[in-house]
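I have a structure I would like to understand better, so I am pasting it below and will then ask my questions one at a time.
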Amino acid sequence: MLKALSGRGRIYLIYLFMVCIINLLVMHYTLISTCDVDKALVPIDFVDNFVVVVVEVVLLTALFSLLSWGRLRIALLLSAIVTCLWSFSNVAYSRFFFQYIPFSAFSESGNMLDPFMLKCLVDGIKWGDIYFLLSLGISIFFYRKAPETRITLMPFLKRLAFFCVGVVVVELFMHFAFNPTYNVNAYFRILHSELFTQWRFTCQPLYTNFQRGSVRNLLFAFYESYFGDKELTEEQQKKIGEELQALIPLQVTPSHQPNQEIKNVIVLLVESYMSFTVGMEANGKEVTPFLNSLANDSTVYYNGHMTSNITIGESSDGQFIYMTGLLPLRSEITVSKAKKHRLPGLPAILSEKMGMTTRMIVPTSASFWSQDVLCNRYGIQHLYSRSEYKKPHLSFLSDDQVFELADSVDALSNEPFFSIVLTYSMHMPYTEITDSSFVADVASRPSTMNHYLNACHFTDAQIKKYFDSLKRRGLYDNSLIVIVADHDVGENQLQLSSEVTERELPLFIINGNINRNEAWNGKCNQLDVYTTILDVLGIDSPWKGLGHTLLNKDYVDSILPMKWDMSEWMITGDWFASAGQDATASCAPKPVQTPIP
């Protein structure tokens, strides 16, 4: 290959080739330095990464050479542009989702055009991103300097193939050098484990993208999405059955007496709400005075030690966990798969067992992150979105607006009902003051932290107003009210000050007739909320989720590696649509209607 590119002036073609390699390396090293890699990296992983980058650039160059009829100069420019744009897209995406762009994101790409999402992505741009502009400029400069180079395709492609083979041989030798063994079978077992094990595509997406490259991961995900056989094996079905049976004693509290007055269930899913704000002060004033009062109320169950179980789907993952009692997929945006399958929705169970009408109030469009389709899967009958809010608003409803919409729906509702309300005002970016009446400007804190606390104060005030409305309408005392966070805030989105030591989420359960002294108050998981709600209500459902109840003081951690595998099998294998699965008896989806209040 180098021989083919030799000659005066053609050195710029080599420079273009190197720019392509550097683009991809910048992408990979930016992500592993800013995101939590799901496997510790070792020296050979960096060799694998460099090799796969070189091979990907060679393949891209070969593709564009074919498409341009042998015009190598154009092929390399196109390769440089594509690698630059792909790298920038991944870096920008990772600042919001902490991952490489998964294949499943393409089916949800329309969400990225939402004005608020675009604002978030733009806010995530950093000074270091000027590299990508420089890369494009340098590529154009090298392109203009390089001579027109028309190549004979077959000889050129053969040279590229030999080059790739040589690079791969060097990689295999390096694997031997880092893991020396003279046992041929052992050597190939190591290679298979490091380079070809399929489970890493689904369990370790960050690591696998770094080690094996974007092209291979996207091709694997494409194949699995459209051609993969997802039928559960007998062994998988047996393991699921055994695990579900073993969970029963950890999901029910016989001594608990449900509140007999409860007719309704109201869930407030608060955006980016973190426990450290509870009891916190800024300039001598409480950040969240109303929620603080709930946390200090002995009749309210409060646990501020909940661990986030979301993966790459962010808010949609949190909603999925609470509504199904399952864990999200680890390498795909869960809603892209979940919306195609039957799910054990909490609203559907409450509708069947307690006769509740079910609804959701969201601050976005009905189709944002496939809310309309997922409502159907969860068993939600009525979906209210920003379209039903007739007053002026932006591309999303602020928390005063979304609770005003929720209150207007409550006013026309018949009991019993299930209602889930999603908030939005605490969403990133934390660059503006939300509540001008509250000053959280503490010099020792980063500005993003002060803005976040300001948003927390605003949301707290809106929750208080909504509680006042529930009491005024006579709905408060006979409603089980759950306040929970969808997820925490990423480290690159919110610079936490030294006063914050834990990244935990809060959970409030009001009117649950829960004795705090007999319940669990330590570390728990989002997965446990679904199970706990059913236990609080005393509902005997075949499906109680994969979590453990928090009403039991002998609680044990519900998150084990097997749970992640089980959830993946059940979601992608369509477990809940299988004949004879009693757990789905109450989970038949119903058409989503959207009446205007």
Got a second to check how far Leu206's CG is from Cys35's SG, nearest 0.5 Å?
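Going from CG on Leu206 over to SG on Cys35, the span is 5.5 Å.
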For the student: nearest non-hydrogen atoms of Met426 and Cys456, plus distance
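Scanning both residues, the minimum pair turns out to be CE-SG, 3.5 Å.
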Under a 3.5 Å distance rule, please check whether Asp399 uses its side chain to pair with a backbone N or O of Ser425 as donor and acceptor.
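Here the side-chain-to-backbone pair exists.
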Results of side chain to side chain donor-acceptor pair (under 3.5 Å) for Ser479 - residues two or more places apart only:
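Listed in chain order: Asn264.
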Any side-chain to backbone donor/acceptor pair from Arg386 onto Leu397? Under 3.5 Å, distance only.
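No; judged by distance alone, with no hydrogens or angles, the pair does not exist.
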So Thr357 and Ser413, do their side chains get closer than 4.5 Å, heavy atoms only?
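No, side chains not in contact.
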Tyr530 to Ile321 - nearest heavy-atom pair and separation
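Between these two residues, the closest heavy atoms are CB-O, 4.3 Å.
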Tell me if a side-chain donor or acceptor on His305 pairs with a main-chain N or O of Glu504 at a distance below 3.5 Å.
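No, because the side chain of His305 does not come within donor-acceptor range (under 3.5 Å) of the backbone of Glu504.
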Are Asp407 and Arg472 close enough that some pair of their side-chain heavy atoms sits under 4.5 Å apart?
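They are in side-chain contact.
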Using 0.5 Å steps for rounding, measure from the OG atom of Ser272 to the NE2 atom of His427.
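One finds 6.0 Å between OG of Ser272 and NE2 of His427.
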Spacing of Ser316 atom OG and Met323 atom CE [to the nearest 0.5 Å]:
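One gets 13.5 Å once the value is rounded to the nearest 0.5 Å.
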I need the minimum non-hydrogen distance between Met356 and Phe417, along with the two atoms involved.
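Smallest heavy-atom distance, with atoms named: SD-O, 3.6 Å.
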How are the rings of Tyr389 and His393 set to each other: parallel, tilted or perpendicular (split at 30° and 60°)?
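Ring orientation of Tyr389 relative to His393: perpendicular.
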Look at the side chain of Thr531 and the backbone N and O of Lys544, then say whether any donor-acceptor pair between them is shorter than 3.5 Å.
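Yes.
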Between Ser567 (side chain only) and Trp564 (backbone N and O only), is there a donor and an acceptor less than 3.5 Å apart?
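Here the side-chain-to-backbone pair does not exist.
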State, with a plain yes or no, whether a side-chain heavy atom of Thr364 is found less than 4.5 Å away from one of Tyr424.
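In contact.
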Pro205: which residues meet the side chain to side chain contact (heavy atoms under 4.5 Å, CB included) condition with it, sequence neighbours left out?
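Result, side chain to side chain contact (heavy atoms under 4.5 Å, CB included) vs Pro205: Asp38, Gln99, Ser331.
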Got Thr277 and Pro506 here, is their nearest side-chain heavy-atom distance under 4.5 Å?
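Side-chain contact under 4.5 Å: no.
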For the pair Asp477 and Lys263, find out whether any cationic side-chain nitrogen is under 4.0 Å from an anionic carboxylate oxygen.
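Result for this pair is no, no salt bridge flagged.
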Trace of the side-chain contact (heavy atoms from CB on, under 4.5 Å) decision for Leu329 with Thr311
CA-CA 7 Å; Leu329 302 176; Thr311 56; 5.6 Å; no
Name all pairs fulfilling the ring-ring contact (aromatic ring centres under 6.0 Å, His included) condition that reach into residues 504-529, sequence neighbours left out, sorted by first residue then second.
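Every pair satisfying ring-ring contact (aromatic ring centres under 6.0 Å, His included) with a residue in residues 504-529: Tyr302-Phe508, Trp520-Tyr555.
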To the nearest 0.5 angstrom, please state how far the CD atom of Gln371 sits from the OG atom of Ser365.
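Spacing of CD (Gln371) from OG (Ser365) equals 8.5 Å.
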On a heavy-atom basis, which atom in Tyr322 and which in Ala485 lie closest, and how many Å separate them?
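That would be OH-O, 2.5 Å.
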I'd like to know if Lys464 pairs up with Asp468 as an ion pair, taking the criterion as any Lys NZ or Arg NE/NH1/NH2 lying under 4.0 Å from an Asp or Glu carboxylate oxygen.
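Looking at Lys464 and Asp468, the cut-off is met.
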Taking the side chain as every heavy atom from C-beta outward, state whether Val270 and Ile463 have any pair of such atoms under 4.5 Å apart.
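In short, these two side chains touch, coming nearer than 4.5 Å.
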Steps toward side-chain contact (heavy atoms from CB on, under 4.5 Å) verdict (Val278, Tyr273)
CA-CA 10 Å; Val278 177; Tyr273 183 24; 3.5 Å; yes
List in chain and number order the residues that pass side chain to side chain contact (heavy atoms under 4.5 Å, CB included) with Asn259, two or more places apart in sequence or in another chain; answer none if no residue qualifies.
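Glu261, Ile262, Asn511, Asn513.
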For Lys285, does the NZ atom sit with more than 12 other heavy atoms under 6.0 Å from it, leaving out its own atoms?
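Atom NZ in Lys285 is not packed in, count stays at 12 or less.
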Under 3.5 Å, side chain of Asp317 to main-chain N/O of Pro328, donor-acceptor pair present?
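No.
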Minimum heavy-atom distance Leu480-Gly512, with the two atoms named:
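Closest approach of Leu480 to Gly512: CD1-CA, 3.6 Å.
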Partners meeting side chain to side chain contact (heavy atoms under 4.5 Å, CB included) with Met562 (sequence neighbours left out)
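With neighbours one apart ignored, the set is Lys239, Met566, Trp569.
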Taking Thr532 for the side chain and Leu550 for the main chain, is one N or O donor matched with an acceptor at less than 3.5 Å?
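Side chain of Thr532 to backbone of Leu550: a pair is present.
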Shortest non-hydrogen separation from Thr358 to Pro347 and the atoms involved
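Taking Thr358 first and Pro347 second, the nearest heavy atoms are CG2-O, 3.5 Å.
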Do the non-hydrogen side-chain atoms of Tyr301 and Leu507 ever get within less than 4.5 Å of each other?
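Counting from C-beta outward, Tyr301 and Leu507 do come under 4.5 Å.
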Atom pairs and distances, side-chain donor-acceptor, residues 247-255, under 3.5 Å, sequence neighbours left out:
from, atom 1, to, atom 2, distance (Å)
Gln251, NE2, Gly545, O, 2.7
Gln251, NE2, Gly547, O, 3.0
Thr253, OG1, Asp535, OD2, 2.6

With the side chain counted from C-beta on, respond yes when Ser351 and Gln381 share a heavy-atom pair under 4.5 Å apart, and no when they do not.
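Yes - at least one pair of side-chain heavy atoms lies under 4.5 Å apart.
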Any ion pair linking Asp410 and Arg359 (charged N to carboxylate O, less than 4.0 Å)?
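Counted as a salt bridge, because a side-chain N and a carboxylate O are separated by less than 4.0 Å.
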Walk me through it: do Leu422 and Asp486 pass the test side-chain contact (heavy atoms from CB on, under 4.5 Å)?
CA-CA 9 Å; Leu422 276 60; Asp486 55 355; over 6 Å; no
Does Asn454 reach the main-chain N or O of Val439 with its side chain, forming a donor-acceptor pair under 3.5 Å?
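Answer holds: no.
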Begin with the C-alpha distance, continue with both residues' side-chain angles, and end with the deciding distance and a verdict on side-chain contact (heavy atoms from CB on, under 4.5 Å) for Leu475 and Glu415.
CA-CA 9 Å; Leu475 296 174; Glu415 300 180 87; 3.7 Å; yes
Main-chain N/O of Ile349 paired to Glu352 side chain as donor or acceptor, under 3.5 Å:
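The answer is no, because no donor-acceptor pair under 3.5 Å joins these two groups.
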Can you tell me how far the CG atom of Leu453 sits from the CE atom of Met274, to the nearest 0.5 Å?
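One gets 11.0 Å once the value is rounded to the nearest 0.5 Å.
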Do Tyr378 and Ile420 have side-chain heavy atoms sitting under 4.5 Å apart?
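Counting from C-beta outward, Tyr378 and Ile420 never come under 4.5 Å.
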Nearest-0.5 Å distance that lies between atom CZ in Phe403 and atom CD1 in Ile361
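That separation rounds to 9.5 Å.
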Can you find a side-chain donor-acceptor pair between Asp528 and Ser558 that sits under 3.5 Å?
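Distance-only check passes for Asp528 and Ser558.
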Taking the side chain from Lys563 and the backbone from Leu546, do they hold a donor-acceptor pair closer than 3.5 Å?
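Yes; at least one donor-acceptor contact below 3.5 Å.
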